[in-house]
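Here's the structure we're looking at; comments come further down.
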Amino acid sequence: MEKVADFASGIGEYIRQQRSSAKISLRQLSKLAGVSNPYLSQIERGVRKPSAEILQQIAKGLRISAEALYVQAGILDLPTGGPVGDAIRADTELTERQKQVLLDVYESFRRENAAGTASPAADAAKTTTISEESP
């Protein structure tokens with residue numbers, strides 16, 4: 001029972017932070033998400049545990065990816081990409097499609113580097129060697 005309370009509190013706090021950073025009032029988010037004001041307030045205070053459908057509506061109202069809320073809620077595993085991926089997902093000025101394209105490109109570079117086909121240090125060393133050899 002305590003785990004459920006911690007979960008509800010965590011997702012509620014995350015939603016509140018996202019709402020605050022977007023400078024949206026509880027009432028405005030309630031309208032945008034199509035969720036009642038009292039219910040949204042209970043979610044933010046950790047009293048209620050929202051369903052995936054409600055999280056999707058809230059994400060739409062906040063103009064963030066539903067995936068971000070699902071990860072916070074424990075519905076999805078934490079995506080790869082670390083802080084760069086998190087920053088891309090959190091950018092409110094990009095569309096979901098733009099975010100996905102950037103994430104795909106970023107992950108392809110990471111896979112390429114992990115496979116050893118490209119190394120930033122090796123590339124930098126080549127550049128330095130070439131420029132030092134030039135007259």
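Heavy atoms only: backbone and side chains are in, while hydrogens, waters and symmetry mates are out.
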(message) Working to the nearest 0.5 angstrom, can you tell me the gap between K99 NZ and E67 CD?
(response) 10.0 Å

(request) Determine whether I54 and I75 fall in the same hydrophobic cluster, where Ile, Leu, Val, Met, Phe, Trp and Tyr are linked whenever their side-chain heavy atoms lie under 4.5 Å apart. (result) yes

(message) Tell me the closest heavy-atom pair linking A73 and I11, and the distance in Å.
(response) N-CD1, 3.8 Å

(request) Measure the spacing between OG1 of T92 and CD of Q18 and express it to the nearest 0.5 Å. (result) 9.5 Å

(message) Starting from L94, can I reach V101 by hopping between I/L/V/M/F/W/Y residues whose side chains sit under 4.5 Å apart?
(response) no

(request) Any chance you could measure S65, atom OG, to Y70, atom OH, to the nearest 0.5 Å? (result) 9.5 Å

(request) Compare every heavy atom of L29 with every heavy atom of G61, then report the nearest pair and how far apart it is. (result) C-CD1, 3.7 Å

(message) Treating R48 as the side-chain partner and I43 as the backbone partner, does any N or O pair qualify as donor plus acceptor under 3.5 Å?
(response) no

(request) List the steps and the verdict of side-chain contact (heavy atoms from CB on, under 4.5 Å) for I58 and I64. (result) CA-CA 9 Å; I58 293 170; I64 63 173; over 6 Å; no

(message) Filter on salt bridge (charged side-chain N to carboxylate O under 4.0 Å, His left out), then keep only pairs touching residues 52-64, sequence neighbours left out; what's left?
(response) none

(message) Rounded at 0.5 Å granularity, tell me how far OG in S21 sits from CG in L62.
(response) 8.0 Å

(message) Does any part of the side chain of L102, heavy atoms only, come nearer than 4.5 Å to the side chain of D91, both counted from C-beta?
(response) no

(message) Would a single hydrophobic cluster contain both L26 and V35, if residues Ile, Leu, Val, Met, Phe, Trp and Tyr are joined by side-chain heavy-atom contacts under 4.5 Å?
(response) yes

(request) Kindly give the heavy-atom pair with the smallest separation between L103 and G85, and that separation in Å. (result) CD2-CA, 3.7 Å

(request) Could you tell me whether a side-chain N or O of Y14 sits under 3.5 Å from a main-chain N or O of L69, the two making a donor and an acceptor? (result) no

(message) If I take atom OG from residue S25 and atom NZ from residue K31, how far apart are they, to the nearest 0.5 angstrom?
(response) 9.0 Å

(request) Would you give the length of the straight line joining atom CZ of R89 to atom CD of Q100, rounded to the nearest 0.5 angstrom? (result) 8.0 Å

(request) Only counting residues at least two apart or in another chain, list the ones meeting salt bridge (charged side-chain N to carboxylate O under 4.0 Å, His left out) with R16. (result) E13, E44

(message) Measuring only between side-chain heavy atoms, which start at C-beta, is Q72 closer than 4.5 Å to I15?
(response) no

(message) Any side-chain to backbone donor/acceptor pair from Q56 onto A66? Under 3.5 Å, distance only.
(response) no

